[in-house]
Amino acid sequence: MDESVATRSRPSASEPKSSAFDLLAEPVRRWIWRRRWTGLRDIQEQAIPRLMHADGDLILAAATAAGKTEAAFLPLISQVHEDHSGPGFDLVYIGPLRALINDQFRRLEDLCEALKMKVHPWHGDIPAIRKRRARENPRGILLITPESLEALFVLRGVEIPRLFATTRAIVIDELHDLLDSERGVHLRSLLTRMELAVGRRIRRIGLSATLGDMALASAYLRPEAPDRVEQLISRAYRSELRVELRAYASSQPADRTFLDEDEDGGRGNASAPGAVGEHIFENFRGQSNLVFAGSRREVESYSDVLRTISERKRIPVEFFPHYSGLTREHRNFVEKRLKEGKIPTTAVCTSTLELGIDIGSVDCVGHIGPPWSVASLRQRLGRTGRRPGQPAVLRMYAVVPQLHARLRPVQLLQLGLVRSIAMIDLLVDGWCEPPAKDALHLSTLTHQILSVITERGGASAQRLYDTLCIRGPFRTVDTQVFASLLRQLGSLDNALIEQASDGSILLGRQGERIVEHYSFYAAFQTPQEFRVVHRSTALGTIPVTIPLSKGMTIILVGKRWRIEFIHFRERTIEVETDTRGAPPIFGGYPGAVHDTVVQRMRDVLSDEAMPPYLDSVAQEVLIAAKAAYRQSALEDRPLVRLADDRYLLATWTGTIKSMTLAIVLTALGNSVEVFDGMLEVSPLDPDIDLVDQLKAIATGQVNLSSLVKVGEGVLEFEKFHRFLNTDLLAIDALSTRLDLDAVPEIARLCVGPLD
DNA sequence: GACCTGCTGCGGTATG
């Protein structure tokens with residue numbers, strides 16, 4: 001870990017010399033000197049004078065392990081040391097993961113001990129007695145999660161002004177993860193409420209690795225004054241990037257077990273995923289690596305393939321699955337092997353290992369299938385190439401439909417491979433998705449309405465609006481929407497809120513029940529799950545939505561099992577070992593691919609250029625896809641009639657706009673399938689004329705918003721949505737997941753000039 | 001055609 005903080009020298013080295021260093025408090029300088037750093041990191045040199053000489057908001061953006069935490073804390077701690085005025089926490093650090101808070105605690109503990117400054121880690125695993133002591137004698141540094149901070153507001157509302165009376169700064173780690181998400185909006189609401197409680201502005205410092213749009217990031221850190229947020233961006237320690245994209249043609253249906261010995265008899269004529277497994281086995285073995293797969297199901301499949309190959313070759317297994325559904329014990333086992341780096345280990349994982357805890361630098365990042373976003377791809381690549389002179393290595397695998405087989409026109413375009421290429425190209429260009437903006441977040445607003453009422457023991461409608469929508473982050477919610485939200489929450493059979501005779505708003509009976517339970521503190525939803533157990537040893541969990549039955553075989557933790565008993569009431573499944581099994585389908589709502597990615601995909605299909613990082617199969621597949629694109633005539637007109645009265649409709653937009661048009665066309669009596677940048681449409685009734693429908697949409701003759709309300713399944717996707725009516729759900733969805741305004745223009749492009 | 005994240009107070013009983 002020392003290496004991740006600053007360059008170490010030989011014992012003979014002298015004290016680091018820089019003007020930034022001289023600004024730090026004497027005991028901090030002494031601590032650095034004792035640790036024999038030869039110098040400060042680039043981001044530290046930049047940040048120290050800004051933090052010591054001013055009190056403005058600041059974003060520190062630099063690569064993982066570039067020393068951002070110290071860049072913020074060395075000067076802030078120096079300031080506190082020279083001018084402490086308690087009681088109250090002097091500094092607050094907000095981290096999105098418990099493990100991250102534990103990591104930061106260990107890093108700050110030693111320095112703070114030297115300065116006789118207290119550090120208080122505070123999250124769900126910290127014993128209540130420790131939290132009580134911190135609350136009774138608040139000083140030093142508080143390291144806390146957004147949810148634990150929420151719990152403080154709900155349970156200790158009256159103590160908030162005292163706890164944060166002297167707070168100088170709030171450091172927000174992994175800022176990119178807390179922008180326009182439910183959690184990000186929740187946190188920003190808490191920060192505003194904290195300032196309102198103490199009656200003054202508190203400096204905000206955001207730490208981040210990946211930020212697509214720095215101006216938007218400033219607006220999120222300080223909505224009322226984004227221009228006054230200073231940004232320090234360190235481009236030091238950027239390493240060379242080496243990319244390879246390999247394609248594997250498969251004729252197998254996707255839901256088959258990838259390497260079933262009963263089918264191929266172990267003779268090696270494996271399916272394409274089996275061949276991907278063989279390549280990973282040969283090229284990743286003996287090192288530390290991460291292999292990202294698109295879903296938990298794929299993680300299980302490839303873990304099973306890699307375990308089977310290892311056992312067949314009588315080699316100790318060094319490939320392990322890692323995702324949130326597996327037990328803490330198993331995940332710790334994999335993380336510890338990666339962190340210590342003594343035994344070769346490859347984690348096959350979902351986004352669990354994308355950010356947060358420090359697992360050191362891995363040799364290579366593998367990626368099976370196209371990523372969901374360029375931002376996430378960049379974050380994943382940040383796990384490799386972190387040692388000086390070490391390149392970042394990315395091996396991407398695309399499993400594509402077999403060439404020359406009888407494929408549907410949309411399959412001939414090989415959109416999976418094309419998306420992988422588009423995303424790699426955008427990554428190299430330095431582009432990544434900007435955070436969504438202008439979303440209403442009515443679910444999180446409901447959460448915060450209940451929280452503010454509890455904190456203050458009741459509040460007027462005006463005060464709630466002022467706190468949350470004028471001062472706080474819900475700025476796109478106007479008074480009309482806010483009033484109808486309050487009416488809705490008060491009008492339910494079991495009202496969440498009610499109005500007292502003096503006009504103030506209080507919690508209703510159901511509101512009280514919800515706020516009193518500890519599950520209230522998180523603003524995001526958690527699905528219900530079954531625990532899977534083998535002879536009293538827990539293996540992991542799977543969502544209750546998966547259809548399961550006794551005798552069924554499944555793959556879990558990369559091994560094969562047979563279901564013996566399902567205890568529905570206890571939500572537990574007992575399993576025994578088996579030789580067969582397929583990974584469960586975990587389900588979920590599909591991710592949204594950005595407009596810019598789809599536009600680049602169109603360029604990849606229409607350009608002559610051949611990316612240099614493709615293997616020979618990928619080249620062949622791309623050449624065929626380009627030819628199919630030219631033959632499809634999609635380049636000249638976006639609407640192409642296929643056989644069987646079906647149509648291919650190119651929107652050339654990202655998922656949100658394509659999905660909105662799909663919902664409208666479905667409501668008009670068509671069967672619609674959504675792909676990247678295009679729809680396959682089949683009218684269900686021979687009397688339906690799709691061209692006429694598109695003309696009507698283009699000229700505004702169809703009432704789009706009334707059609708969207710039909711798709712209610714699409715509208716409920718956040719924790720408190722179940723308390724809202726269809727009108728509120730629709731305007732919330734239209735602010736984030738749907739885009740009705742874009743639909744007429746797409747329709748117009750499809751049907752050409754209108755008379 | 002997806003992934004991840006978080007969580008308190010109190011009452012019961014056993015032990016020194």
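Since we're looking at a predicted model, the values are computed, not measured.
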Participant: Rounded to whole angstroms, how far apart are CZ on A:Arg156 and P on B:dC7?
Facilitator: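 In whole Å, B:dC7 P and A:Arg156 CZ are 16 Å from each other.
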
Participant: Take A:Leu155 and A:Pro96, find for each the nucleotide of DNA chain B with the closest heavy atom, and name the residue whose nucleotide sits nearer the 5' end.
Facilitator: A:Pro96

Participant: What does A:His123 touch in the nucleic acid at a heavy-atom separation under 4.0 angstrom: a base, only the sugar-phosphate, or nothing?
Facilitator: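 Sugar-phosphate only.
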
Participant: Measure from the side-chain N and O atoms of A:Asp595 to the backbone N and O of A:Thr653, and report whether any donor-acceptor pair falls under 3.5 Å.
Facilitator: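 Judged by distance alone, no pair lies under 3.5 Å.
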
Participant: Is the shortest side-chain N/O distance from A:Arg296 to OP1 or OP2 of B:dA2 below 4.0 Å?
Facilitator: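 For B:dA2, neither OP1 nor OP2 has a side-chain N or O of A:Arg296 closer than 4.0 Å.
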
Participant: So, does the side chain of A:Thr526 form a donor-acceptor pair with the base of B:dG6 at under 3.5 Å?
Facilitator: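 A donor-acceptor contact between them is present.
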
Participant: In whole angstroms, how far is the P atom of B:dC7 from the NE2 atom of A:His517?
Facilitator: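 Roughly 15 Å, once rounded to whole Å.
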
Participant: Starting from P on B:dT5, measure out to OH on A:Tyr518 and report it in whole angstrom.
Facilitator: 17 Å

Participant: Report yes or no: is the cationic atom of A:Arg337 (NZ for Lys, CZ for Arg) under 6.0 Å from the centre of the six-membered ring of A:Phe320, at an angle within 45° of the ring normal?
Facilitator: no

Participant: Round to the nearest Å and state the distance from A:Lys719 atom NZ to B:dT5 atom P.
Facilitator: 16 Å

Participant: If only side-chain N and O atoms of A:Ser324 are considered, is one of them under 4.0 Å from the OP1 or OP2 phosphate oxygen of B:dC4?
Facilitator: yes

Participant: Describe the nucleic acid contact of A:Ser519 in one word from base, sugar-phosphate, nothing, applying a heavy-atom distance below 4.0 Å.
Facilitator: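 Since a base atom lies under 4.0 Å of A:Ser519, the category is base.
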
Participant: Quick one: is the NZ or CZ of A:Arg107 closer than 6.0 Å to the six-membered ring centre of A:Tyr93, and within 45° of its axis?
Facilitator: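 No, A:Arg107 and A:Tyr93 do not form such a contact.
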
Participant: Measure CD1/A:Ile126 against C1'/B:dG6 and give the value in whole Å, please.
Facilitator: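 Whole-Å distance recorded here is 14 Å.
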
Participant: Taking atom types as modelled, is there a side-chain donor on A:His322 or A:Glu335 under 3.5 Å from an acceptor on the other?
Facilitator: yes

Participant: Please state how far atom CG in A:Leu353 lies from atom C1' in B:dT5, giving the value in whole angstrom units.
Facilitator: 14 Å

Participant: Classify the nucleic acid contact of A:Val154 as base, sugar-phosphate or nothing, counting any heavy atom under 4.0 Å across all strands shown.
Facilitator: nothing

Participant: When you measure from the side-chain N and O atoms of A:Arg98 to the phosphate of B:dG6, is any distance below 4.0 Å, counting only OP1 and OP2?
Facilitator: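 Yes, because at least one side-chain N or O of A:Arg98 sits under 4.0 Å from OP1 or OP2 of B:dG6.
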
Participant: With respect to the phosphate group of B:dT5, does any side-chain polar atom (N or O) of A:Arg331 fall under 4.0 Å of OP1 or OP2?
Facilitator: yes

Participant: Can you tell me how far P of B:dC7 sits from CD1 of A:Ile514, to the nearest Å?
Facilitator: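 These atoms are roughly 20 Å apart.
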
Participant: Check whether any side-chain N or O of A:Ser443 sits under 3.5 Å from a backbone N or O of A:Phe720 as a donor-acceptor pair, and report yes or no.
Facilitator: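 Yes; judged by distance alone, with no hydrogens or angles, the pair exists.
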
Participant: Return no unless some side-chain N or O of A:Thr350 is found under 4.0 Å from OP1 or OP2 of B:dC4.
Facilitator: yes

Participant: Between B:dG9, B:dC4, B:dA2, which nucleotide has the shortest distance from any of its atoms to the side chain of A:Trp372?
Facilitator: B:dA2

Participant: Which part of the nucleic acid, if any, lies within contact of A:Ser148, taking any heavy atom under 4.0 Å across all strands shown: a base, the sugar-phosphate backbone alone, or nothing?
Facilitator: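 Sugar-phosphate, no base atom in range.
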
Participant: Can you find a side chain N or O atom of A:Arg135 that sits less than 4.0 Å from OP1 or OP2 on B:dT8?
Facilitator: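 For B:dT8, neither OP1 nor OP2 has a side-chain N or O of A:Arg135 closer than 4.0 Å.
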
Participant: Check the geometry between A:Tyr323 and B:dC3 and answer yes if their rings are stacked (centres below 5.5 Å, planes below 30°), otherwise no.
Facilitator: no

Participant: Counting only side-chain heavy atoms from C-beta out, which of B:dG6, B:dG1, B:dC4 sits nearest to A:Val593?
Facilitator: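 Nearest nucleotide to the side chain: B:dG1.
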
Participant: Parallel, tilted or perpendicular: which describes the rings of A:Tyr397 and A:Tyr248, with under 30° parallel and over 60° perpendicular?
Facilitator: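 It falls in the tilted class, 30° to 60°.
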
Participant: Base, sugar-phosphate, or nothing: which does A:Asp676 touch, judged by heavy atoms less than 4.0 Å apart?
Facilitator: base

Participant: Need to verify one output field. Residue with the more 5' nearest nucleotide on DNA chain B, A:Val674 or A:Pro146?
Facilitator: A:Val674

Participant: Out of B:dG1, B:dG6, B:dC3, which nucleotide sits closest to the side chain of A:Ser351?
Facilitator: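 The answer is B:dC3.
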
Participant: Atom CD of A:Glu300 to atom C1' of B:dA2: distance rounded to whole Å?
Facilitator: 15 Å

